[in-house]
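Within every chain, numbering begins at 1; the chains are lettered A, B, ... in the order of the sequence lines, protein sequences first and strands thereafter. Please read these numbers as outputs of a predicted model, since none were measured by experiment.
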Amino acid sequence: GEDVEQSLFLSVREGDSSVINCTYTDSSSTYLYWYKQEPGAGLQLLTYIFSNMDMKQDQRLTVLLNKKDKHLSLRIADTQTGDSAIYFCAESPGTGGFKTIFGAGTRLFVKA
Amino acid sequence: DTGVSQDPRHKITKRGQNVTFRCDPISEHNRLYWYRQTLGQGPEFLTYFQNEAQLEKSRLLSDRFSAERPKGSFSTLEIQRTEQGDSAMYLCASSLGGQGARPQHFGDGTRLSIL
């Protein structure tokens with residue numbers, strides 16, 4: 001089946017690194033994504049990684065993919081108060097069309 | 001603005017009424033998707049189009065829901081005889097086509113409240 005799990009809350013101090021973790025079940029997933037959602041807004045595609053990659057870095061964001069454990073993480077360096085939001089882990093399953101399966105989201109609180 | 005555009009942003013209506021939402025995708029994207037998001041949850045897939053063809057529908061899309069993309073550009077999502085349980089954020093996304101999945105870009109959604 002297709003399922004994405006992530007912890008519900010994370011609290012960090014401004015300037016620290018944040019690490020948001022996610023596990024997924026579909027070993028044939030092609031893309032894995034991180035989306036950010038601020039209150040009242042839609043989802044912003046932050047970054048994504050293709051399933052044949054282990055790591056992707058984009059400015060303050062680092063994505064790590066462990067295919068063996070079906071584990072995805074997002075590290076935000078030098079976390080700022082503007083990073084406070086809900087972060088969704090998502091996957092494109094390898095079979096069953098082109099829909100994206102989302103986790104329930106991790107709410108990141110950044111304390112000044 | 002070249003992102004995904006949704007209209008209206010908010011819709012309040014009485015139970016039993018019909019509502020229609022519109023989505024304008026990113027212009028070069030030929031795939032268009034509809035999702036529903038309830039409070040505290042991630043988006044759930046409803047349906048998607050490749051050009052004007054509706055290729056997949058979720059079991060969440062009851063017979064009161066219908067989606068169209070008549071010319072392969074904008075899309076509409078209609079809900080007939082709305083119920084309290086239809087209250088949610090309805091999100092539209094678009095992506096490039098071609099072989100395999102593609103990263104999807106989302107609009108700001110339409111928030112539906114049923115009185």
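Within 6.0 Å of the CD atom in Glu28(B), the count of heavy atoms belonging to other residues, nucleotides or ligands exceeds 12. Residue Arg13(A) places its CZ atom among 12 or fewer non-hydrogen atoms of other residues, nucleotides or ligands, all under 6.0 Å distant. Enclosure of atom NZ in Lys56(A) by more than 12 non-hydrogen atoms of other residues, nucleotides or ligands within 6.0 angstrom is indicated. Residue-environment remark: CG (Leu60(B)) exceeds the threshold of 12 foreign heavy atoms within 6.0 Å. Residue Arg15(B) places its CZ atom among 12 or fewer non-hydrogen atoms of other residues, nucleotides or ligands, all under 6.0 Å distant. In the displayed structure, Glu68(B) atom CD is contacted under 6.0 Å by at most 12 heavy atoms of other residues, nucleotides or ligands.
With chain A as partner, the option from Ser58(B), Ser95(B), Gly109(B), Pro43(B) having the largest number of non-hydrogen pairs under 4.5 angstrom is Pro43(B). Of the residues considered (Leu45(A), Ile86(A), Thr30(A), Leu43(A)), Leu43(A) shows the highest number of contacts with chain B, using heavy-atom pairs under 4.5 Å. No other option in Cys89(A), Ala104(A), Gly103(A) has as many heavy-atom pairs under 4.5 Å with chain B as Ala104(A). The candidate from Ala41(A), Ser92(A), Gly105(A) with the greatest count of non-hydrogen atom pairs under 4.5 Å with chain B is Ala41(A).
Residue Glu44(B) does not touch chain A at all, counting heavy-atom pairs closer than 4.5 Å.
Test Tyr48(A), Tyr35(A), Tyr31(A) against Gln104(B) for side chain to side chain contact (heavy atoms under 4.5 Å, CB included) and you get one pass: Tyr35(A).
With rounding to the nearest 0.5 Å, the separation of OH in Tyr48(B) from NZ in Lys99(A) is 10.0 Å. Here the straight-line distance linking atom CZ of Arg31(B) with atom CZ of Phe98(A) works out to 4.0 Å at 0.5 Å rounding.
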Report task. Apply the test side-chain contact (heavy atoms from CB on, under 4.5 Å) to residues Thr100(A) and Tyr33(B): give CA-CA distance (whole Å), side-chain angles for both, the deciding distance (0.1 Å), then the verdict. Result -> CA-CA 10 Å; Thr100(A) 299; Tyr33(B) 314 78; over 6 Å; no
**Report entry** Stepwise side-chain contact (heavy atoms from CB on, under 4.5 Å) check, Gln37(B) with Gln37(A)
**Finding:** CA-CA 12 Å; Gln37(B) 185 181 23; Gln37(A) 186 175 39; 3.0 Å; yes
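Between Phe102(A) and Phe45(B), the gap from one ring centroid to the other reaches at least 6.0 Å.
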